[in-house]
Number of protein chains: 2
Amino acid sequence: MNTRKIILSEKEMPTKWYNITADMPNPPQPVLHPGTKQPVGPQDLAPLFPMALIEQEVSTQKFIDIPEEILNHLTLWRPSPVFRAYNLEKALGTKSHIYYKYEGGSPAGSHKPNTAIAQAYYNKKEGVKRLSTETGAGQWGSSLALAGTLFGLEVKVYMVKVSYEQKPYRRALMETWGASVVASPSKDTNAGRKILEADPNSNGSLGIAISEAVEDAVGREDTKYALGSVLNHVLLHQTIIGEEALKQMAIAGEYPDVVVASHGGGSNFAGLAFPFLREKIHGKKVRVVAVEPAACPTLTRGQYTYDFGDTVGLTPLVKMYTLGHDFMPAGIHAGGLRYHGASALVSQLVHEGLIEATAVKQNDVFASAITFARSEGILPAPESSHAIHQAVLEAKQADEEGKSRVILFNLSGHGHFDLTAFTQYLAGQMKDSSISDADLKKGLATIPVV
Amino acid sequence: MNTRKIILSEKEMPTKWYNITADMPNPPQPVLHPGTKQPVGPQDLAPLFPMALIEQEVSTQKFIDIPEEILNHLTLWRPSPVFRAYNLEKALGTKSHIYYKYEGGSPAGSHKPNTAIAQAYYNKKEGVKRLSTETGAGQWGSSLALAGTLFGLEVKVYMVKVSYEQKPYRRALMETWGASVVASPSKDTNAGRKILEADPNSNGSLGIAISEAVEDAVGREDTKYALGSVLNHVLLHQTIIGEEALKQMAIAGEYPDVVVASHGGGSNFAGLAFPFLREKIHGKKVRVVAVEPAACPTLTRGQYTYDFGDTVGLTPLVKMYTLGHDFMPAGIHAGGLRYHGASALVSQLVHEGLIEATAVKQNDVFASAITFARSEGILPAPESSHAIHQAVLEAKQADEEGKSRVILFNLSGHGHFDLTAFTQYLAGQMKDSSISDADLKKGLATIPVV
C-alpha cells in the first residue's frame, strides 16, 4: 500500500508558533498612525485588540508557546494531513511529486480557525465579551463564529455583499454557531452608510467591511475587533500549518523544491510558507510562490508603499503591496482573495526577493480545480484552487524541462460552500476578469502620500 | 492536555470487513423473487450487481478481506477519529462520558463513500462502464459520484425530488464529480412517468428513486445498479467504522454501555453497531440503539414481514420492518431517513431483541444538533443529529437515575449541505411531523401478502 496520507499524532503537534520577524534580513517596517503618520504604539491598538495579541504583533521572539487550551481546541481537526497527490500526478502525467497540506478538515472547512481560536482565547482571557469582524468568502466569519461559540463570546460579522448573496449557506453556518451577520456595506455603521450613499449597489469589498468592523469595535466598550488575515499575530497563529508540514515532509523523505499557496491577505500563504522560509533564509534551497487572482493582482501589479488597510481610511498605514485602498476588485468567486493590500510581512519578503508572486485567471483556476476534484476526490475552495493551479503549472513546466520537482501546496479549504461557482463553471458561464489598465491606474491613484 | 481525539494510524486500519450473518442466532431470511415468490439466486441478481458483490451478499464467512486498492482510496479520510465530547458533556452538565465516531471527514461529507468505493472497485473489476443509483439527501449520490470519478465509471443519479429542491449544492457536488443527476420521479423511466401521471407534484421518495435506478440498470447492458444502504454487502462495507471504533474505545480505556446510530436504510447504523453486536452476541454487556424519525418510524411502528424494497414493486421481496412500500413520508430534512423499509439484517436483529429502536421528532433533533454544534464545533447532518439527540437523552436519563453511562454514537456526516434546514429551525419555522394513524394504516395496507 502506497502511503498517500502523512499524519502526525497529537503528541507530535507543534507547541510553538514561528515568528518570522526574528529571522528577516531587515527589521519589519513600522505601522503608522493614520492621523500623525508616526509609528503606532500599543496604546493606539488597545481599543481594537487585547494586550496579548498586541504583544505578539510586535514581538521579535522567534518562537512563541501555544497555550494548552488553544492546542486542546485545535485537536478537533489538527494535526492536519499532508497528502501525496498520486492521482493528480497520474491525471497530469507528470514526473513531479505533488504534495498538499489539507486544512479543510476544520469544522469551518478552512485554515482560518487556527487563528480564530487563538484570538478568541486571548480576548476571553482579558475579559472581552463581544468580537466584531469582517468576512469575504465567509471562511473567516464562520471561523470566528465557531471560536466565539467555543469560548462563549458574542460575534458580529460584516460580510462582503457579493459573498453574502453568493454564499447564503456560509452565512447560515455563522448563524447556526450563534453569530450575527449583516451584508457589508451595511446601514449599521457610518462607514457603511457613506459607501451606500455613493453607490447603493456596491458589491462590497474586504476593505469596506474592515472599516465597518473596526468602527463597531471602537464604538463599544465590551467589543474588540478580530482580523482573519494580514496582521503579524494572525500570520503567526497560522505557522502551525508549516511547522506540521516540515515534520510531515521529513516523514515522506522528501523536501519541496517549491512551496505554493494562494494569497489574499496572506494568512494561509504565510501559514505554510514561513517555516520553509526560515529554512530558506538559513541556506536551504526552496522556492516559495504566492498565487493571486488576475482580477486582484496585489503582489504582482501593486505598489510597495504605505496605504490604509481598509477602504475608508480608519486603520493604521501599513507598508505593503497595494492596489490602492479604494480599488474595487471584480466579483470573482474567490472572495477571500479580493483584497487591495497584503500583509506587511509577506510584502516585505516579496520586496526582498525571498518570495515569488504570480497571478492567474479564474477559468484556468477552475479547470485545475475540476481536475483535482475528479482525481484526488476532495472538492477544493476557489481560493485554494489558485494554489492547485500553480502546482499544476509547476509540474508541467518541470516536465517541459525534463525535470521532476517536489511540489508542496496548501489546500487551505474545501469547496462545499462554493458549489454555485462550480455549477457556473461547468455551464461555461464563468467570467474571466483581469484588472484593466484603467482600473489599475485609478486604484493606485488613491494611495496616500506619506 | 485531555486527549479528546482518538486516532489510529493507517497501519492500524482494519483490513477485514465483519459479516454479522456468521454470528446471528438465526440464519438470515431468504430474499424472494417478486414474481415467483421463491428465494432468489445469484442469476436473478446478476443484471443488477457484479458477481463479487452478489457473493458478499450471501456470504456466511465471518471476516472478508478488504482489497488493497480499496484500502488505498479509503485512506483519503480513514481511519476516522473518535472524539470524546467533553464540551457537549459540559453543556449538558452530565456525568456520562459521551464519545462519537466522526465520518464527516470524507470528501462527500459522510460515511457513504466507505461502500461507494468498494462497489465501484468491484464493478470496475468486472468490466462495468456505468452505474445507476438513487439518492435521498444526496449523500449517497455524491459518494457514488466520487467513487465513479476515482475509478473512471459513469454515474447516473436519481435524486428524491424534495432533496433535489432543498439541496441544490449537493446536486452540484455530484455534477462537479462528473455524475448526471435528475429529480425523481423523472421522465427518464417508466416507473417515474407512472408516478408523475398519478401525482405531478410528488415529493418523491427513496422507494420511487430505487425503482427508477433499477429500471435504468436492467435496461442497459453497460450499466449496473448501486445501492447505498439496506443490502447485506453495503452494511458489510460499513463495518470498518465499528471495527475502528472498537480499537479506539480500547485506547480510550472505556467500553460503551450504549451504542447509538441513526437509522434510515441501516448502513451507518450497522457500520458502527455490528462489530459491537458481535461482542454482545458473545456475552459482552452493551445496549445497541437505532434512532429513526417520528415521521418515518419503520422499526418502531412498521410490520416485520415481506415487502418490496422499492415503491413500484420491481425489487425482490425482503423480510424486514416496513411501513408499506407505498408509504410516503413527510418531507423532513433528514432525507436519508425517509425510507419505508429497513435492511433485512437490522430488521431481524431488532426482531430478535438484540437491537433497540426508538423514534424522535424533528424539532427535538435540531435542538440537540444546535447544542452539539455550539459546544463541539462540528455542524452535524440532520440524519446524524438523530443519533446526537438520542445520545443526549441517554445521558439525561442516566443523570436522572444517578448513574454515569459511557455512550458512543455515530456522527455519520457533517451538515454543510443542510444549512437551509438550520436556517429554518433557527427562524422557528420547522414543522414537527409525526406519522398519523391514518397514514400508518394506509401504508401498511400496501404490504403484499406472501
Side-chain angles (χ1 to χ4, degrees), chain A residues 1-7 9-11 13 68-69 71-73 75-79 81 83 86-87 104-109 113 117 142 146-147 149-150 168-173 175-178 369-370 373-379 414-426, chain B residues 1-7 9-11 13 68-69 71-73 75-79 81 83 86-87 104-109 113 117 142 146-147 149-150 168-173 175-178 369-370 373-379 414-423 425-427:
Chain A
M1 190 161 93
N2 279 332
T3 300
R4 73 190 306 195
K5 183 168 65 170
I6 304 147
I7 57 167
S9 69
E10 282 187 17
K11 282 178 195 162
M13 191 154 77
E68 189 172 303
E69 196 177 339
L71 285 173
N72 253 325
H73 281 291
T75 57
L76 188 50
W77 72 97
R78 304 209 74 84
F83 289 97
Y86 285 111
N87 291 342
S106 80
I117 282 172
S142 53
L146 165 68
T149 189
L150 293 178
Y169 281 19
R170 185 62 82 166
R171 170 164 49 92
L173 178 58
E175 290 167 348
T176 299
W177 276 324
I370 296 276
R374 291 187 179 172
S375 57
E376 287 295 309
I378 296 173
L379 186 87
H414 69 58
H416 289 182
F417 299 102
D418 305 285
L419 281 156
T420 45
F422 283 92
T423 305
Q424 205 179 89
Y425 175 78
L426 290 171
Chain B
M1 190 161 94
N2 279 333
T3 300
R4 72 190 306 194
K5 183 168 65 171
I6 305 147
I7 55 169
S9 69
E10 282 186 17
K11 283 178 193 162
M13 192 154 78
E68 190 171 304
E69 196 176 340
L71 284 173
N72 253 325
H73 281 291
T75 58
L76 188 49
W77 73 97
R78 304 209 74 84
F83 289 97
Y86 285 112
N87 292 342
S106 80
I117 282 173
S142 52
L146 166 67
T149 189
L150 293 178
Y169 282 21
R170 183 64 81 167
R171 168 164 51 91
L173 179 58
E175 289 167 349
T176 298
W177 276 323
I370 295 276
R374 291 187 179 172
S375 56
E376 288 295 309
I378 297 173
L379 186 88
H414 69 58
H416 289 182
F417 299 102
D418 305 285
L419 281 157
T420 45
F422 283 92
T423 305
Y425 174 78
L426 290 171

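Each chain gets a letter, A, B and so on, in the order the sequences are listed, and its residues count up from 1. Heavy-atom basis, side chains included; hydrogens, waters and symmetry copies ignored.
Between B/F417 and A/L419, the shortest heavy-atom contact is CE2-CD1, 3.5 Å. When all heavy atoms of A/T176 and B/F422 are compared, the pair lying nearest together is OG1-CB, 3.4 Å. Contact record, B/P107 with A/G377: CB-O, 3.3 Å, taken as the closest heavy-atom pair. Here the closest heavy-atom approach between residue B/K5 and residue A/R78 is recorded as NZ-O, 2.6 Å. Heavy atoms only, all atoms of each residue included: B/Y169 and A/P168 are closest at OH-CD, 3.8 Å.
Contacts of B/S375 with chain A are made by backbone atoms alone, with heavy-atom separations under 4.5 Å and no side-chain atom involved. Contact of B/L146 with chain A is made through the side chain alone, with heavy-atom distances under 4.5 Å. For A/I370, the part lying under 4.5 angstrom from a heavy atom of chain B is the side chain only. Contacts of B/I7 with chain A are made by side-chain atoms alone, with heavy-atom separations under 4.5 Å and no backbone atom involved.
By the 30° and 60° cut-offs, the orientation of the rings of A/H416 relative to B/H416 is perpendicular.
Chain A forms the most heavy-atom pairs under 4.5 Å with one residue out of B/L173, B/T420, B/I378, and that residue is B/L173. Per-residue heavy-atom pair counts under 4.5 Å with chain B were compared for A/D418, A/T423, A/L426, and the maximum is reached by A/L426.
Of the candidates B/T149, B/L150, B/N72, B/L76, B/L150 is the only one forming a side-chain contact (heavy atoms from CB on, under 4.5 Å) with A/N87.
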